[in-house]
Amino acid sequence: MVLMEKTYMPEEIEKKWNALWKEAHCFDVKHDGKPTFTVFMPPPNVTGILHMGHTLNNSIQDVLCRWARIQGKDVLWIPGTDHAGIATQSKVEKVIKKEGLSRQKLGRKAFLERVEAWRKEHGNIIFEQLKRLGVSCDWSRATYTLDPDYSKHVLTAFVKLYERGYVYKGKRLVNWCPISQTALSDEEVIMKQVPAFLYTFRYNIVEKPGQFIAVATTRPETIMGDVALAVHPQDDRYKDLVGLHVQCPFDQTRTIPIIADEVVEREFGTGALKITPAHDPIDFAVGQRHALPFIEVLDERGIVNNQGAPFQGMDRFEARKAVVEALQEKGFIIEIKPYNHAVGYSERADVPIEPRLSEQWFVRYPKVEEAKALAEKELVHFWPKRWIKTYLHWLSNIQDWCISRQLWWGHRIPVWYRKDDPSVLHVSVEGPADPENWDQDPDVMDTWFSSWVWPLGTLHYLDNTEKAKRFFNDYFPAHTLVSGPDILFFWITRMIIASLEFLEDRPLAQRVPFKNIYLTGIVRDAIGRKMSKSLGNSPDPLVLIQQFGADGVRIGLLSIAPQGQDIRFDERFLVQGRNFCTKLWNACRFRQMQGVEAAYTSLDDIFEKLENLSVYDEHLLLSLQKTMLEYDNLLHAYSFSTAIKLLQQCFKNVFCDWYLEVQKNESRHCHAVQDLFLRQMLIMLNPYAPYITEELWHQLHLSESFIQSAGWDLDAFNQRLSKVLSQNQEDIDTVEQLRTLVSELRSLKAANNLASNKQTTMCVNLEPAYSALFKKHKDLILKMVGVQAIDEVSEMPEDMPKIVTLWGTFGIVLMKEEGSNDMANIQKEIDTLTQHILAAEQKLANPRFVECAPQGVKDGVKKLLKENIQKREALKKLLA
RNA sequence: GGACGGUUAGCUCAGUUGGUUAGAGCUACUGGUUUACACCCAGUGGGUCGUAGGUUCGAGUCCUACACCGUCUACCA
């Protein structure tokens, strides 16, 4: 047997196990009749690269999947990528721009080939990165949203919704991105507070020469598109003016009416609102109500068109300046004041969006009420729970979804118009039989329209073979969906709606695509800023993996990710993760140095060898048992950070720093105890740290097969353990008291400036009740504290530094120049004890307390009171 | 404007249905290398649980108000 290396070397070991796992198809779905466990990976952008958000998200999914596998479940974790319409297309457009090309110059077909080539080159980088992190997906089932089979699901969704009357085409005001030149959904628009100006200017009244109405606006460049002025019907200032007309400032021949509409806020600005239906959502509604004309003055690039004379050809921001200057020259401007307001920005291009009138495809959401009912009936659970409110709020205020995009990269809208009569439509997945007579709609669908059928498409719902149907039924719905809350509406809610709509033949409970939704926090930097490319505050996960090992990164990250709370990321935590791995490594190395059997040591073997257990052994195994139970509960409750901290604490404090140190000072060794502890600890740590635990599992010869097949039957384990343990609670208490005593005596030494390695002599005045216990464990105490002898005395010498413990008063023998007795400290301790004693006495003297409090609480108070009094008496003796 | 979070040690956070003397890790300080590990061990210091009230025998935990920080959402043009 070759001795393990002195430190854990993640890189080679990670490589080794990645290869072996792949070779053995460890993560392939088995479909062997065992209970299934499905997870859908939120598909990252196909050309994206791994960032901290992915790292957190996928680590959590991996914990869930690996834990399920250990429990013997048949796990299916489906990975995939998203074609990411706008993001990918604009990336490639930037690249070809450098070659002096544009997509228009290339033409649709050639451009799409370029994008596809780009995808082939840059796609799946993220898969390789995820593999480095150690995620256990079934890679053979990786799905891409433009895969032919997957696309069929997307197009079918469109066609079905069209047939059912949920999809319609309409000329509406949409969010228009002048850079990408496409419509955007409301969710792709980011509202930003920006400093701007509020311009107040005059509109001369035609019927009353010399009189005018003052109007406030932030968008003077749209004045040329004004078709009315609106005031509130109850506004006394303007009541008499309704029905009259005003003159347009740049086209004196054009007059527009003054109308009354309740949408106008009397308190804002001047109480008069200019109506530009083609360029503002509110104005659009007013325009429809009053049957006003729609005048567009900006084109698709945000440039003033021929309706906007004399500013034609100017960009919208140039035009704003020019219009204001022109108004100033005419003396129409009354006031210009700074004004902060929210402006919608295009998520991708980061420029203000332009509300623009255009013809688009819309979806009216089906199954909204059912989607609400699912959450209310707890057929889908949110973790943390509070997200249910946000979910319901969105569903209650849901707006029709603009799904067409004026892009080329994506699923093309499956609608054809007859060449000789474009009002004749053909809508189908396959297209018309005589394509030469038809023109297909040029637009593609919103990327989110493709990902909302993710649970159906990845499981090949439309495949009608018996085998495929059975597969779908066995793996749908998923157990948990893990995602950031930022895409709760974009994606999660829509997946629920799509599954509800397209699985109509199933009962409600079986149409929900996942039973649990776990929403992670957002990863922030050390000073609380969101991690982003532009700030450059996001570390490269691969560099971190190289520095700390994949396991170190995973443990570090998960230990600071409390349920649904944002994460303050700091490399310090990864250092801790790595350090823990080293500790684990060394504890197993230590075990190996004591001799490991050449044959495999199964759980049965270990239990067989558990005999003649000392109280220390029992104490350790009971700690293990308690930890196993708590760990199981914590994972059920998605408390990932608490769970890993629990394991770390048990492993370091109880096993390494206490049990192993005790073992070093004991002649008798029961290796089976260590083996059992390490075995169970490795199993529990495996979901968090798959590589190192797999390696150690084999180094310690715990099994021939992979750790993932170890099994986890808590009840059976507890029963077996109960048989070998004496289960004497007093013994366990004794060991806890011993730990405290050792710590107190070490403290006595340190307080008197004695180095921890300095052998000293102590004396003790024992509490009679603990005399026997002390004698029994005396040798161990001597060794653990570093003391030559502890002499029992009935009277403590006066000038000796002392400490009062549960078991007795201990004094330390000092050389002349060493230390001194600190009376002030003793007095301080007596004072604190007195406070506690008084509080306890008051409680017990209170009849209401005695009457109401449960017996356990009362007993606890009494016991503590007794101990505190005992301790205080001993301390008082020292002062006397 | 609305909704939802958060506020506990210098920092990052635990603290389950109210119940015994409020915890951990990191940092700081002190000391140490004994059968693994300095990516280690031992010890010390540090908190009137955001503020003000209330309910209760008992409140970090429940209620009310306020303050501050944050997120989402709608935006009054």
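Naming: A, B, ... by sequence-line order, numbering from 1 per chain.
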| query | Any donor-acceptor pair under 3.5 Å between the side chain of A/E661 and the base of B/A42? | reply | no
| query | Which nucleotide, B/A36, B/U71, B/U44, lies nearest any side-chain atom of A/S747? | reply | B/U44
| query | Base, sugar-phosphate, or nothing for A/K664, non-hydrogen atoms under 4.0 angstrom? | reply | base
| Between A/L646 (CG) and B/G15 (P), how many Å, whole number? | 13 Å
| Hey, can you pull the residues of residues 218-226 of chain A with a non-hydrogen atom under 4.0 angstrom from RNA chain B? | A/T218
| task | May I ask you to check whether A/Y8 and A/N586 show a side-chain donor-acceptor distance below 3.5 Å? | result | no
| query | What interatomic distance, in whole Å, is found between P of B/C11 and the corresponding atom of B/A28? | reply | 15 Å
| field | Modelled atom types, side-chain donor and acceptor of A/Q674 and A/Q594, under 3.5 Å | value | yes
| query | Using the benzene-type ring in the case of Trp, are the ring centres of A/Y518 and A/W383 under 6.0 Å apart? | reply | no
| said: Rounded to whole Å, how long is the line connecting atom CZ of A/F489 with atom P of B/C4? | reply: 13 Å
| task | Check every strand shown and say whether A/R578 touches a base, only sugar-phosphate, or nothing at a heavy-atom separation below 4.0 Å. | result | base
| remark: For RNA chain B, the dot-bracket notation using Watson-Crick and G-U wobble pairs below 3.5 Å, [ ] for pseudoknot-type crossings and | for other-strand pairs, is (((((((..((((.....[...)))).(((((.......))))).....(((((..]....))))))))))))....
| request: Have a look at A/C581 and say if it touches a base, only the backbone sugar-phosphate, or nothing, with a 4.0 Å heavy-atom cut-off. | output: nothing
| remark: Closest of B/U35, B/C76, B/C57 to the A/F268 side chain is B/C76
| task | Sticking with atom C1', work out how far B/G18 lies from B/G58, rounded to a whole angstrom. | result | 8 Å
| query | In whole Å, what separates the P atom of B/U51 from that of B/U44? | reply | 29 Å
| task | Give the nucleotide from the list B/A36, B/C75, B/U12 with an atom nearest to the side chain of A/R568. | result | B/U12
| query | Can a donor-acceptor pair be found between the side chains of A/T805 and A/K871 at a distance below 3.5 Å? | reply | no
| said: When you measure from the side chain of A/R554 to the backbone of A/A689, do you find a donor-acceptor pair of N or O atoms at a distance under 3.5 Å? | reply: no
| message | Counting only side-chain heavy atoms from C-beta out, which of B/C37, B/U56, B/C13 sits nearest to A/R848? | response | B/U56
| Contact class for A/S743 (heavy atom, under 4.0 Å): base, sugar-phosphate, or nothing? | sugar-phosphate
| message | Looking at A/Q399, I'd like to know if its CD atom is crowded, meaning that more than 12 non-hydrogen atoms belonging to other residues, nucleotides or ligands lie closer than 6.0 Å. | response | no
| task | Take atom P in B/C49 and the same atom in B/G10, then report the distance between them in whole Å. | result | 13 Å
| request: Using the C1' atom on both, measure B/G60 against B/U17 and round to a whole Å. | output: 16 Å
| request: Measure from CG on A/L844 to C1' on B/G58 and round the result to the nearest Å. | output: 13 Å
| query | If the sugar-phosphate is the primed atoms plus P, OP1 and OP2 and the base is the rest, what is the B/S/- string for nucleotides 21-33 of chain B, using protein heavy atoms under 4.0 Å? | reply | B---SS----BSS
| Starting at the 5' end of RNA chain B and moving along, which residue's nearest nucleotide shows up first, A/N846 or A/S559? | A/S559
| said: Distance check needed: B/A36 C1' versus A/F580 CZ, whole Å only. | reply: 15 Å
| Set of residues satisfying salt bridge (charged side-chain N to carboxylate O under 4.0 Å, His left out) with respect to A/R739, sequence neighbours excluded | A/E736
| message | Using whole Å, what does the distance between atom P of nucleotide B/A38 and atom CH2 of A/W585 come to? | response | 15 Å
| query | Only one of A/T740, A/V787, A/I803, A/L782 forms a side-chain contact (heavy atoms from CB on, under 4.5 Å) with A/L745, so which one is it? | reply | A/I803
| said: Side chain of A/F849, heavy atoms from C-beta onward: which of B/G19, B/G5, B/C37 has the nearest atom to it? | reply: B/G19
| Would you say B/C37 has OP1 or OP2 under 4.0 Å from some side-chain N or O of A/N579? | no
| Is it true that atom CD of A/E841 has more than 12 heavy atoms of other residues, nucleotides or ligands lying nearer than 6.0 Å? | yes
For nucleotides 48-50 of chain B, tabulate all protein N/O to nucleotide N/O atom pairs closer than 3.5 Å, reporting atom names and distance.
none

| task | Determine, using ring centers only, whether A/F489 and A/Y391 are less than 6.0 Å apart. | result | no
| Distance only, no hydrogens: is a donor on one side chain within 3.5 Å (strictly under) of an acceptor on the other, for A/H232 and A/E262? | no
| task | For B/A59 versus B/G19, give the span between their C1' atoms, rounded off to a whole number of Å. | result | 10 Å
| message | Counting C-beta onward and ignoring hydrogens, is there a side-chain heavy-atom pair between A/Y238 and A/D235 closer than 4.5 Å? | response | yes
| If you measure from the C1' atom in B/U73 to the same atom in B/C29, how many Å do you get, rounded? | 49 Å
| message | Distance criterion of 3.5 Å, no angle test: do you see the side chain of A/K389 paired donor-to-acceptor with the base of B/C4? | response | no
| field | A/C650 and A/F677, any side-chain heavy atoms less than 4.5 Å apart | value | yes
| field | A/L806 side chain reached by A/L741 side chain, heavy atoms, under 4.5 Å | value | no
| Which residue lies toward the 5' end of RNA chain B, A/H393 or A/K783, if each is placed at its nearest nucleotide? | A/K783
| note | Testing B/A36, B/C4, B/G19 for proximity to the side chain of A/R386, the answer is B/C4
| message | Taking the side chain as everything from C-beta on, heavy atoms only, tell me whether A/L327 gets closer than 4.5 Å to A/I223. | response | yes
| query | Heavy-atom distance under 4.5 Å between the side chains of A/S641 and A/L558, does that happen here? | reply | no
| said: Distance check needed: B/A74 C1' versus A/I398 CD1, whole Å only. | reply: 16 Å
| request: Could you tell me the separation between the CH2 atom of A/W387 and the C1' atom of B/U73, rounded to a whole number of Å? | output: 12 Å
| When you look at CD of A/E335, are more than 12 heavy atoms from neighbouring residues, nucleotides or ligands closer to it than 6.0 Å? | yes
| task | Ignoring hydrogens and angles, state whether a donor on the side chain of A/Q835 or A/D831 is under 3.5 Å from an acceptor on the partner side chain. | result | no
| task | Would you confirm whether the ring centroid of A/Y199 sits within less than 6.0 angstrom of the ring centroid of A/F201? | result | no
| When rounded to the nearest Å, what value does the distance between C1' atoms of B/C62 and B/U55 take? | 8 Å
| note | Here the distance between atom C1' of B/C75 and atom CG of A/D280, to the nearest Å, is 11 Å
| task | Return the residues of residues 629-643 of chain A meeting this criterion: a heavy atom under 4.0 Å from some atom of RNA chain B. Order them by number, or give none. | result | none
| query | Would A/S747 and A/K749 count as having a side-chain donor-acceptor pair, cut-off 3.5 Å? | reply | no
| Think A/K6 has a side-chain N or O under 4.0 angstrom from the OP1 or OP2 of B/C37? | yes
